[in-house]
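Step one of this worksheet: look at the structure below.
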Amino acid sequence: MTREALWMDIAMSLSSEGVFSGGRSPVVLLLATDTPLPYRVLRCAAQAGVKVIVLGTRRAKLLAFSRHCSEFILCPVDFVDENISVVLDEINRIAGERAIDQVIPGDGASTGILVRIKDQVHVRCFPLPSAVAFGRLNDKAKFADLCCELNLPHPKSMLAKNIGGLGGSG
C-alpha cells in the first residue's frame with residue numbers, strides 16, 4: 001500500500017466515524033523536529049485531503065514554506081525529555097484552539113515524545129507502539145538484538161564504544 005493510499009484510508013476511517021462534521025476536512029497537528037521526513041508525511045497527508053498544521057522546532061521551520069502546510073507553529077522548546085511537559089501543554093493548547101482532530105508524529109524524535117504522552121493528549125493520536133517497543137525498534141543495537149532473538153535476518157552490526165572502536169585513525 002502506498003503512503004498516499006494509507007493516508008486516504010486514515011482520513012476516510014476518521015470521516016466515517018463521524019469525527020468531521022459539516023463536510024470539513026480533517027485537521028491534524030504534525031509534530032516535527034526536522035524537515036526531510038516530516039515533509040514527506042506532510043505531503044502525504046495533504047494529498048489525502050487533510051489540513052495539516054505543523055508544530056515544529058527551529059530545525060523544522062522550512063516546512064512553513066510548503067504549500068501543503070496550512071500553518072506552522074514554532075514550538076518554544078526542543079522535543080527532548082526535559083521539555084516533555086511543555087510539549088504536552090503546547091499540543092493540548094493548539095488542539096483546543098485550532099480544532100485538531102488528530103496528532104501525528106513526523107519523525108523519530110517526535111514519535112519518541114508522543115509515545116510517552118499520548119494518554120495525556122486531549123485529542124486522538126496516530127496509532128503508536130508503546131514507549132518500550134518504540135525504544136527497542138528505534139535503536140539500531142537493540143533492534144539487531146531483537147532480530148537475533150527472533151532468529152530474523154538483519155545486517156551485521158556492532159556497537160563501538162568510541163570512534164577508535166571503528167578502526168579509524170582518531
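One-based numbering along the sequence shown.
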Cluster link V77 to I94, ILVMFWY, side chain under 4.5 Å: yes
Distance-minimising heavy-atom pair for A32 and L63: CB-CD1, 3.6 Å
Closest approach of C69 to V54 (non-hydrogen atoms, all atoms of both residues): SG-CG2, 3.7 Å
Spatial distance of atom CZ (R124) from atom CD1 (I100) [nearest 0.5 Å]: 13.5 Å
Separation of L114 CG from L88 CG (nearest 0.5 Å): 9.5 Å
Student check: side-chain heavy atoms of F79 and L31 closer than 4.5 Å: yes
Donor-acceptor contact below 3.5 Å, side chain D34 vs main chain G108: no
Nearest-0.5 Å distance that lies between atom CD in Q102 and atom CD1 in I104: 7.0 Å
Same apolar cluster: L150 and L137, side chain cutoff 4.5 Å: yes
Carboxylate-amine/guanidinium proximity below 4.0 Å for R116 and D81: yes
Reported CG-to-CG distance for the pair L42 and L37, which is rounded to 0.5 angstrom: 11.5 Å
Side chain to side chain contact (heavy atoms under 4.5 Å, CB included) assessment of T33 paired with I113: CA-CA 11 Å; T33 64; I113 291 289; over 6 Å; no
Over 12 foreign heavy atoms within 6.0 Å of CZ, R98: yes
Donor-acceptor under 3.5 Å (D107 side chain, P38 main chain): no
Audit row: V52, H68, side chain to side chain contact (heavy atoms under 4.5 Å, CB included) steps and yes/no: CA-CA 7 Å; V52 183; H68 305 293; over 6 Å; no
Over all atoms of both residues, closest heavy-atom pair of L55 and E90: CD2-CB, 4.2 Å
Joint cluster assignment, V132 & L128, ILVMFWY side-chain distance < 4.5 Å: no
Separation of L62 CG from F72 CZ (nearest 0.5 Å): 9.0 Å
Side-chain donor or acceptor of S110 paired with backbone N/O of P105 under 3.5 Å: no
Salt bridge present between E71 and K51 (N-O < 4.0 angstrom): no
Test side chain to side chain contact (heavy atoms under 4.5 Å, CB included) applied to I117 and I84, step by step: CA-CA 8 Å; I117 62 173; I84 198 164; 3.4 Å; yes
Pair E149 + R136, salt bridge at N-O below 4.0 Å: yes
Stepwise side chain to side chain contact (heavy atoms under 4.5 Å, CB included) check, H154 with C148: CA-CA 8 Å; H154 62 87; C148 286; 3.2 Å; yes
Value rounded to 0.5 Å, distance of CZ in R59 from OG1 in T35: 8.5 Å
G135 versus K142, closest heavy-atom pair with distance: O-CD, 4.0 Å
same_hphob_cluster(V86, L29) at 4.5 Å side-chain heavy-atom cutoff: yes
V80-V115 co-clustered via ILVMFWY side chain contacts under 4.5 Å: no
P129 to K118 - nearest heavy-atom pair and separation: O-NZ, 3.2 Å
Closest contact, heavy atoms only, S70 versus I53: OG-CG1, 3.7 Å
